[in-house]
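In each ligand, atom 1 is the first atom listed, and ligand 1 is the first ligand listed.
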Amino acid sequence: MNIERMTIETAREQVARKQTTATALAESFYKRIEAEDSRIGAYLALSRERAFAKASEIDRLVADGAPLPALAGVPVGIKDVLMTKDIVTTAGSKILKNFKAPYDCTAVARLERAGAVILGKLNCDEFAMGSSNENSGYHPVHNPHDLTRVPGGSSGGSAASVAAGMAVATLGSDTGGSIRQPAAFCGVVGLMPTYGRVSRYGLIAFASSLDHIGPFTHTVKDAAIMLGVIAGRDPLDSTSADVPVPDYVAEVGRPVKGMKIGVPDEYFAEGLDSEVRAAVEKSIDDLRAAGCEIVRITLPSTKYAIPTYYIVATAEASSNLARFDGVRYAYRAEGAATLSEMYRRSRDEGFGAEVKRRILLGTYALSAGYYDAYYLKAQRVRTLLAREFETAFAQVDAILTPTTPTPAFKLGEKTNNPLEMYLNDIFTVTADLVGIPGISVPCGKTRAGLPIGVQLLGKHFDEGTLFRVASAVEHAAS
Ligand code: GLN
């Protein structure tokens with residue numbers, strides 16, 4: 001059985017047609033993880049007991065001839081910022097080492113209810129803060145296409161595990177690009193749904209006005225299947241929208257003739273790697289050949305997106321991370337003489353350097369006297385960005401850009417220069433600030449064999465159009 005590029009459909013079909021069992025399938029994936037993951041480092045924990053319990057439940061359904069749910073027997077992995085009941089959930093942080101989640105994240109529960117088999121928890125940057133997975137409190141993840149390179153971040157384990165055939169699909173989170181950027185670096189599909197489309201109940205919060213949960217898959221169709229399962233209102237998350245969930249799979253492969261695709265000048269400026277540019281331009285040509293009208297557009301405030309993001313995200317992070325105080329749960333420093341020493345030392349010993357940097361930046365941006373100059377200003381720019389996208393979407397159905405300015409960089413290349421690391425998010429942060437959906441689709445490789453991703457951005461709650469256009473790009477690129 002070849003599981004390396006196994007899709008959801010194939011996995012489900014093989015189980016349904018009794019060509020394999022859900023149990024045997026899970027075993028094959030665990031074998032592959034054992035063989036491959038010592039080089040890659042994608043998994044932080046395996047949840048064998050839970051996986052095999054679910055797999056035998058599916059096998060009983062098959063034996064009984066009962067109807068099978070959408071993800072019956074499909075082996076999946078979960079980014080470690082998503083809570084999984086009774087399974088260690090660390091958010092990639094030492095401060096949550098050995099923390100067993102008391103309940104399931106809604107997205108995880110929905111996957112499992114649809115028959116998915118949860119293989120384990122995936123490595124990520126600590127509290128999802130990073131672009132390379134090098135900020136994990138445990139160990140870095142290596143890019144399966146070149147082990148000397150990063151897989152991207154913060155959902156590096158979620159992208160690398162799919163790319164290396166160690167899961168059929170995974171969940172990740174995207175606050176400033178953490179699904180789309182690692183998807184591009186690892187050569188898989190990564191979808192960030194509209195803000196509110198997927199419940200964040202049980203997601204360990206980084207920046208609540210920017211956090212999204214979404215899938216990594218081999219194909220656009222699989223991404224559509226995954227979104228169909230996890231999307232929709234959840235009474236446990238008041239920010240989840242009460243908007244009907246359409247049939248996303250029906251959009252995959254629909255003709256794109258006559259659709260208008262916007263290409264913003266600002267995303268093709270200086271600093272864009274020449275091979276990335278060539279691959280993305282080839283996708284534009286492919287869409288034109290498929291009958292799309294390509295429209296040049298302009299998003300002039302793009303240059304403010306990085307500073308705006310790094311103020312809003314750090315401000316919200318400084319507030320969200322206040323709950324890790326050593327009192328209620330998580331790491332507590334031993335032997336402190338006073339309460340404030342206990343707070344201070346627990347946080348100092350438990351958090352890594354990048355998390356501390358963000359807490360300091362965010363606290364500063366929110367402090368009296370600087371609030372108006374930074375936080376309020378950033379919120380105003382956010383409104384400006386949203387207006388520019390509104391104007392653009394009055395003319396076009398979707399917007400096409402490169403996902404990242406370069407292919408995957410080397411491990412260690414940017415660790416001493418946070419600003420350079422932050423600049424890698426230049427094409428992804430805006431969609432989070434505006435709340436619109438985005439997808440990254442593989443569109444080619446560099447001469448050295450590194451994957452390149454093209455990004456499609458859509459209107460609020462219009463993931464359907466993204467799937468339609470993304471499947472055309474995928475078809476032309478394969
Ligand atoms: N790389 C960005 C950051 O470091 C985005 C992270 C994310 O989307 N979680 O904040």
Give me the residue, atom name and distance of the protein heavy atom closest to atom 3 (C) of ligand 1. Tyr310 OH, 3.3 Å
Quick check: Met129 and ligand 1, any N/O pair under 3.5 Å apart? no
If I apply the N/O under 3.5 Å rule, does Lys79 come out as touching ligand 1? no
Protein heavy atom at shortest distance from atom 4 (O) of ligand 1: Arg358 NH2, 2.8 Å
To check your reading of the model: name the closest protein heavy atom to atom 2 (C) of ligand 1, its residue, and the distance in Å. Asp425 OD2, 3.0 Å
Looking at Tyr331, I'd like to know if the NZ or CZ of Lys97 sits under 6.0 Å from its six-membered ring centre while staying within 45 degrees of the ring's axis. no
Heavy-atom pairs closer than 4.0 Å: do any link ligand 1 to the side chain of Thr175, the backbone, both, or neither? both
Closest protein heavy atom to atom 10 (O) of ligand 1, given as residue, atom name and distance to 0.1 Å: Tyr309 OH, 2.6 Å
Side-chain (Asp80) to main-chain (Thr90) donor-acceptor, under 3.5 angstrom: yes
Ignoring hydrogens, just give me the one of Ser155, Ser178, Ala317, Gly153 whose non-hydrogen atom is nearest atom 7 (C) of ligand 1. Ser178
Which atoms from ligand 1 have a heavy atom of Ala128 less than 4.0 Å away? 6 (C), 7 (C), 9 (N)
Measuring only between side-chain heavy atoms, which start at C-beta, is Asp265 closer than 4.5 Å to Phe268? no
Plane angle bin for Phe467 and Tyr248 - parallel if under 30°, tilted between 30 and 60°, otherwise perpendicular: perpendicular
Considering distance alone, does some N or O of Gly176 sit under 3.5 Å from an N or O of ligand 1? yes
Charged tip of Arg149 within 45° of Phe409 ring normal and under 6.0 Å: no
Ion pair Arg32/Glu4, N-O distance below 4.0 Å: yes
For Lys79 and Ser154, run side-chain hydrogen bond (donor to acceptor under 3.5 Å, both in side chains): C-alpha distance rounded to whole Å, both residues' side-chain angles, the deciding distance at 0.1 Å, then the answer. CA-CA 9 Å; Lys79 185 180 183 181; Ser154 62; 2.8 Å; yes
With heavy-atom distances below 4.5 Å as the criterion, would you say the side chains of Arg200 and Val198 are in contact? no
So which bit of Ser154 gets within less than 4.0 Å of ligand 1, heavy atoms only: side chain, backbone, both or neither? side chain
